[in-house]
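First the structure, in the form of structure tokens, and then the observations on it.
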Amino acid sequence: MDLTNHSIVSEFVFLGFTNSWDIQLLLFVFSFLFYSASMMGNLVIVFTVTFDSHLHSPMYFLLANLSVIDMVFCSVTAPKMICDIFKKHKAISFCGCITQIFFSHAVGGTEMVLLIAMAFDRYVAICKPLHYLTIMSPRMCLCFSVTSWIIGLIHSLVQLVFVIDLPFCGPNILDSFYCDLPRLLRLACTNTQELEFMVTVNSGLISVGSFVLLVISYIFILFTVWKHASGASSKALSTLSAHITVVVLFFGPLMFFYTWPSPTSHLDKFLAIFDAFITPFLNPVIYTFRNKEMKVAMRRLCSRLVHYRNIS
Ligand SMILES: *[C@@H]1O[C@H](CO)[C@@H](O)[C@H](O)[C@H]1NC(C)=O
């Protein structure tokens with residue numbers, strides 16, 4: 001093969017999961033249900049927070065932002081995967097592949113920063129309740145959400161700048177159902193060891209770093225609550241447990257994915273499914289089923305909608 005002719009590969013082919021028809025059907029039903037459920041659930045959160053003035057507080061604004069990010073996150077890979085399940089030839093163009101990687105890293109990075117902002121919000125609410133509204137001003141909230149998008153975009157661009165020029169000339173089979181950086185690098189026909197190291201440092205360090213930061217801040221908050229137990233802080237504690245659950249579920253698979261040297265491909269795919277379908281679905285479940293204010297707001301929104309329809 002002529003190695004001077006760069007980028008002969010114009011598309012990549014996914015192997016998917018399995019060729020067994022039964023499992024494909026099961027997978028289709030499972031992913032379709034979870035994808036629809038997470039889109040619906042997150043959409044309901046965004047609507048409720050936007051239209052219910054009782055929820056116009058920093059915590060709920062950040063939560064609505066998280067829901068938007070979750071919707072983008074699962075839409076990057078899930079629709080294509082669902083459409084591909086029954087296809088024999090699951091192909092994606094080179095551009096499509098780069099686009100998937102770009103958005104999944106941008107959105108993933110944004111979500112990490114936003115989770116840190118949400119932890120900071122809980123810290124202020126629990127440890128400095130009297131200054132909550134002055135510290136978490138609307139301007140501060142906006143600053144948090146804009147900063148999180150900027151950091152996400154930079155994180156993603158920094159990695160892609162190096163990948164976009166790589167020569168792809170040989171095999172184009174990805175043993176997966178979506179494009180990810182570690183697998184794509186292994187297909188390039190140059191030595192990508194340094195690049196792989198850069199990706200591990202960039203993605204791995206960011207996810208492990210944010211996770212450690214979050215765990216420390218949660219331990220700190222829990223310690224403060226434990227020292228000054230009061231009514232207000234026990235209410236704050238219940239929202240805190242929801243945050244901790246989300247953080248563990250979001251970072252667990254990611255950290256494994258980017259820091260484990262050579263993951264076995266089955267566990268790998270299973271974790272990827274978990275991150276793509278279950279985590280975005282769990283956010284609304286955790287935040288709404290466990291949160292009284294949110295449930296009341298949804299009921300109020302519902303009755304307002306019904307009322308509105310009856311008038312018109
Ligand atoms: C995201 O956060 C900003 C800043 O608080 C807020 O103005 C905006 O409404 C939020 N987005 C959504 C969809 O709620």
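Read the numbers this way: they start at 1 and go in the same order the structure lists the ligands and their atoms. The first residue of the sequence shown is numbered 1, and numbering continues consecutively from there.
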Show your reasoning for whether side chain to side chain contact (heavy atoms under 4.5 Å, CB included) applies to I92 and F14. CA-CA 8 Å; I92 186 167; F14 297 137; 3.5 Å; yes

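- For R300, the side-chain hydrogen bond (donor to acceptor under 3.5 Å, both in side chains) partners are D52, not counting sequence neighbours.
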Output block, N or O contacts of ligand 1, threshold 3.5 Å exclusive:
from	atom 1	to	atom 2	distance (Å)
ligand 1	2 (O)	N65	OD1	3.4
ligand 1	2 (O)	N65	ND2	2.3
ligand 1	11 (N)	N65	ND2	3.1

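- The ring pair (Phe, Tyr, Trp, His ring centres under 6.0 Å) pairs that include a residue from residues 184-219 are F211-F251, where partners are two or more places apart or lie in different chains.
- At a threshold of 4.5 Å between non-hydrogen side-chain atoms, the residues W149 and V113 do not count as touching.
- When atom types are taken as modelled, the side chain of S156 and the backbone of L153 share no donor-acceptor pair closer than 3.5 angstrom.
- For Y35, the ring-ring contact (aromatic ring centres under 6.0 Å, His included) criterion is met by no residue, not counting sequence neighbours.
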